[in-house]
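Report on one structure; see the data block that follows.
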2 protein chains.
Amino acid sequence: MDSARPSAAVGAPTDDRTTSARIRDAAIECYARFGVGGTTARRVAREAGVSPGLVIHHFGSMDGLRAACDEHVAAVIRHTKQEAIGAGLGLDVTAAWRDADIGHLGGYLAHVLVDDSPAVDRLVDDLVTDAVDYLTQGIETGLVRPLDDLHGAATVMVLWSLGGLVLHRHMQRLLGVDPTEPGFGTDPSFPAYAGPAYEIIGEGIFTQAFASHIRDAVAGMTGPTGGTT
Amino acid sequence: MDSARPSAAVGAPTDDRTTSARIRDAAIECYARFGVGGTTARRVAREAGVSPGLVIHHFGSMDGLRAACDEHVAAVIRHTKQEAIGAGLGLDVTAAWRDADIGHLGGYLAHVLVDDSPAVDRLVDDLVTDAVDYLTQGIETGLVRPLDDLHGAATVMVLWSLGGLVLHRHMQRLLGVDPTEPGFGTDPSFPAYAGPAYEIIGEGIFTQAFASHIRDAVAGMTGPTGGTT
DNA sequence: GGGCGTGCTGAATCCATGTTCAGTATTTTA
DNA sequence: TAAAATACTGAACATGGATTCAGCACGCCC
């Protein structure tokens, strides 16, 4: 029907645009728009312009399709990240691929991040690793202050960023920005989120006195159990 | 229908423990443990020790059941909040009801926060309002520094807190703590999350110079569109 | 006691889903 | 060109879902 064997993608993670790739992309869009529960074999088939049977023919099962989508999304994000390196402001780990032209990937992640998937888990792990790198570089460059718990801070920031992605509906409701929307970073309302976010992680919100009080309180919780000091 | 006439509501949101309440509680537990997609009428019925038909008899439909659960959870959380007022450390908006003995409510929210529900939306709105109050009090007390965008900061902090709740599986994987678990606040691994979290929101992670640079950059994004300066 | 409504049951119904499969077109191989 | 493999279709099929319904049991009113 469509074939389209040639037309080779120059730098993409995979260069296919075969029927099987079209099905996979249609599935990603469905997952992004209707969620995991709302995505059926028939709907994907219709969206891709093929028969329901073909979906299973290519991917074995709906689970197989889901896994293929996970793998592909993870691959695309890794690839996008490569390109973004160097341009890296390093402000936000997820900023790079959110600003990029990646269609429904944000929406896909927003729906998929909440349930089990090895590929997505690995992706999240990678994001944390990257965040650690960014922070380390930031400290060396003198942009970021030395941190008590670098790895912990990186992890928490990734969780918060992705949390915002997952709760995009509420962010849209409350702040007028949707982080799953392509062009999120250039949206006129973007500062409604970025402003407070950077105000918080930039200078913190506590006064000096209270900040150290809290620090002691939290440190005190480790003592009795860990018993370092 | 509902009976449960006597036993007057002393302080609880609703005083029932009728069959219908048992079904609703079983449903909440199912939603918390198996998610929305994994919760079927039959499963709820089995968990509550009743027949499938009775579930629909009491709630009209599964949607009705879901709505009833939303309402109830929101009510319980509001009630718990009332009690926590005054004890309020105000460190974390969600801390109060996470530490409280509210069984599966955290897990319920983690699963439900991502899809549409008026009751849950209202609950989130309330949390933001509370956060604004806490921050305002903090500023008056001298614990929190004056903020450029108080409301924005409150919103973002609520989104991040709830985001961590929704992504509890990843938090468990990465930090060894699960915010949906009862007793999250007293878990030995709790500091693995709280430490970095307070380090970030407490004092911020940027050096003074970079923080103001970022602030200008974000402020500059409003300019061209809003045209303030 | 006799009706009567309400709580409740569980089999039956209807529907949408994932998956299978027999068969057709199309491409590749030789 | 002939044969084989592969892409693809679309009508089954089986499963499990929500919801319906006829009927049972029990407490309340007259």
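Keep in mind the model is a prediction, meaning the values are calculated, not measured. Proteins come first, then strands; the chains are lettered A, B, ... in the order of their sequence lines, and each starts at number 1.
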Rounding to a whole Å, what distance do you find between [X]:[atom1] and [N]:[atom2]?
X     : N      : atom1 : atom2 : result
A:L54 : C:dC21 : CG    : P     : 17 Å
B:H58 : D:dA18 : NE2   : C1'   : 17 Å
B:F34 : D:dG17 : CZ    : C1'   : 17 Å
B:H57 : D:dC24 : NE2   : P     : 17 Å
A:F59 : C:dT20 : CZ    : P     : 16 Å
A:M62 : C:dT19 : CE    : P     : 7 Å
A:R46 : D:dT9  : CZ    : P     : 15 Å
B:I23 : D:dA18 : CD1   : P     : 14 Å

Inset, instruction - Indicate the ring-plane relationship of A:F184 and A:Y193, choosing parallel, tilted or perpendicular according to the 30° and 60° boundaries. - result: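 Geometry flag for A:Y193 against A:F184: tilted rings.
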
Inset, instruction - Give the nucleotide from the list C:dC8, D:dT19, D:dG17 with an atom nearest to the side chain of B:T40. - result: D:dG17

Legend entry - Closest approach of B:D115 to B:R66 (non-hydrogen atoms, all atoms of both residues): OD1-NH2, 3.2 Å

Legend entry - Which atom of B:L175 lies closest to which atom of A:V156, heavy atoms considered: CD1-CG2, 4.2 Å

Legend entry - Pairwise 5' ranking along DNA chain C for B:V50 and A:G60, keeping only the more 5' one: B:V50

Legend entry - Passing candidate, side-chain contact (heavy atoms from CB on, under 4.5 Å) with B:L65, options B:I28, B:T39, B:V55: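 With B:L65 as partner, side-chain contact (heavy atoms from CB on, under 4.5 Å) holds for just one option, B:V55.
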
Inset, instruction - Please evaluate the base of D:dA18 for a donor-acceptor partner in the side chain of B:R42 within a cut-off of under 3.5 Å? - result: yes

